[in-house]
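Chain letters run A, B, ... following the sequence lines, proteins first, then strands; residues in each count from 1.
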2 protein chains.
Amino acid sequence: MAVNAARPAARPAARPRYERQLPEQRRQELIDATIECLKRHGHEGLSMRAIAAQAGVSLGLINHHFPNKDELIAAAYRHFNSVLVEGLKAAVPKAPASPRARLQAFLRASFSRPNLDPETLAVWVVFWGMYRHSPLIQGVHRESYQGYVQLLKDMLAQLLKAAGPRAPAVDLRLAAIGLTALLDGLWLEWCLEPASFRPAEAIALCEAWVDNLLRRPATLE
Amino acid sequence: MAVNAARPAARPAARPRYERQLPEQRRQELIDATIECLKRHGHEGLSMRAIAAQAGVSLGLINHHFPNKDELIAAAYRHFNSVLVEGLKAAVPKAPASPRARLQAFLRASFSRPNLDPETLAVWVVFWGMYRHSPLIQGVHRESYQGYVQLLKDMLAQLLKAAGPRAPAVDLRLAAIGLTALLDGLWLEWCLEPASFRPAEAIALCEAWVDNLLRRPATLE
DNA sequence: TTCGTTGTTGAACGATCGTACAACAAGCCT
DNA sequence: AGGCTTGTTGTACGATCGTTCAACAACGAA
């Protein structure tokens, strides 16, 4: 009576002990598991065994899909970056065509889930901590961050163009740097102490910054 | 002829194999070694053996002065915080009494060595990465960060007071949050990519932010 | 049904980790 | 000079780390 309940009796053995999957899909599962481990236990929980357990596979499988741990982490970092950038890029076109509304949509997306989640930001911080000593992370950062800054630059440029003839001469490069810094800094602050201010206040601060940028030629000299 | 060259012959043994030190001094040496290891090798190089080697002592000595690794790291974090805050506090009084000049001195100190050193910022990021999962780090952060924010708040308050009767009604709390975020964000950006802008530009961005704060009531609603 | 491909397992390896502890010795006191 | 305190050493232990690899098995092809 040791018949497995899943299948009648056509095969001698019960249901398969594991399911084979396409490399691409398994790779993605391992990447997701890596990020999940990072969220739950930070840098400490970033071990091959913990990742394998989180993904529900055996330890050895990771090295079948990734040559080593660093490559897995770099792949996870790449995916994490692209999810953020693509998410923000997707949020912008949903807004009205007005450059002002587009920026607001961008800010709203930046300061709401899943981007503002403390766990999410904690993952970023761990990646940043690896940055200086991991050439792989550096390479992924270069290729990903570029898209983010460009997106922000484009929005600022359109905003400036729409401001019309009274538009002051703004250093677009510096403006993008400043807005990015303000954004990232508010992210970081909120992560370290979510009680200190509300997301809406962060959005207001960023909008006020842009308003002041357009109102007057910033004294950047 | 096996006479040691250091001492004539008054004692049978050569010079002492190690030097005893007061607990307080040895503790400080271990804390310095911890930070040095963090600078050189990041989170990876943060092992008891690496720290002991950096300090020039044996492995076991650490556990004689610190109950465990976490306490050592927390002590290093506390020291790192206090050096920053005290350094900034010391830079302010050297400037002219004008609130504007005091803020400028503060910004100059923030965006110059040793605070702006990429290694220094990398150390911060590693500490931040531990924050969420280490109650010890959280405790140290609370007790240290408070002084930093208070220093910044005081400067903004004096700046506002000096602006005179035309001073707009500024939410001091939000202003401090915003300036802190801009500062930290620029720190972070410069650390990840020092070539993207010059420290002087970061200072200019912060000053422009404060200028705009005083010029007009920020539309924070 | 049988075979071959290959995704998957699980054990094993050497290295390194944090911690504990007994033995040693430097330096001060008497 | 001898004793005592205690800062310091060095080893050892068990746990866990990343990686390797031979064996297994799922599943499509023949």
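When each of dC17(D), dA26(C), dC27(D) is scored by its nearest atom to the side-chain atoms of Glu19(A), the top-ranked nucleotide is dC27(D). Of the listed nucleotides (dC24(C), dT19(C), dT19(D)), dT19(D) has the atom at the smallest distance from the side chain of Met48(A). Looking at the side chain of Ser58(A), the nearest of the listed nucleotides dG10(C), dC27(D), dC17(D) is dG10(C). For Leu59(B), the listed nucleotide lying nearest its side chain is dT11(D); candidates were dA26(C), dT11(D), dC27(D). Closest approach to the Leu61(B) side chain among dA26(D), dG27(C), dT9(D) is made by dT9(D) (side chain taken as heavy atoms from C-beta onward).
Ring planes of Tyr77(A) and Phe127(A): tilted class, angle from 30 to 60°. Phe80(A) and Trp124(A) have tilted rings, their planes meeting at an angle from 30° to 60° on a 0 to 90° scale.
Rounded to a whole Å, the CD atom of Glu24(B) is 17 Å from the P atom of dT6(D). In this structure, Leu46(A) places its CG atom 12 Å from C1' of dC17(D), rounding to the nearest Å. As rounded to whole Å, 14 Å separates atom C1' of dT8(D) from atom CG of Leu22(B). Taking atom CD of residue Gln21(A) and atom C1' of nucleotide dT9(C), one finds them 15 Å apart after rounding to whole Å. Atom C1' of nucleotide dA26(C) and atom CZ of Arg20(B) are separated by 5 Å, given to the nearest angstrom.
Side-chain polar atoms of Gln158(A) and Asp154(A) form no donor-acceptor pair below 3.5 angstrom.
Around the CD atom of Gln21(B), the shell of radius 6.0 Å holds more than 12 heavy atoms that belong to other residues, nucleotides or ligands.
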For the pair Leu152(B) and Leu156(B), evaluate side chain to side chain contact (heavy atoms under 4.5 Å, CB included) and give the outcome as yes or no after the intermediate values. CA-CA 6 Å; Leu152(B) 216 138; Leu156(B) 279 178; 4.0 Å; yes
Yes or no on side-chain hydrogen bond (donor to acceptor under 3.5 Å, both in side chains) for Gln28(B) and His79(B), after CA distance, side-chain angles and deciding distance? CA-CA 9 Å; Gln28(B) 188 56 50; His79(B) 177 251; 3.3 Å; yes
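The base of dT8(D) is not paired with the side chain of Arg26(B) by any donor and acceptor separated by under 3.5 Å. A donor-acceptor contact under 3.5 Å is not formed by the side chain of Arg17(B) with the base of dT9(D).
The 5' end of DNA chain D is approached more closely, in terms of each residue's nearest nucleotide, by Tyr18(B) than by the other of Tyr18(B) and Arg49(B).
Near DNA chain C, meaning a heavy atom under 4.0 Å from it, residues 62-73 of chain B has Asn63(B), Asn68(B), Lys69(B) in order of number.
Arg27(B) has no carboxylate O lying under 4.0 Å from a charged side-chain N of Glu24(B), or vice versa, which leaves the two without a salt bridge.
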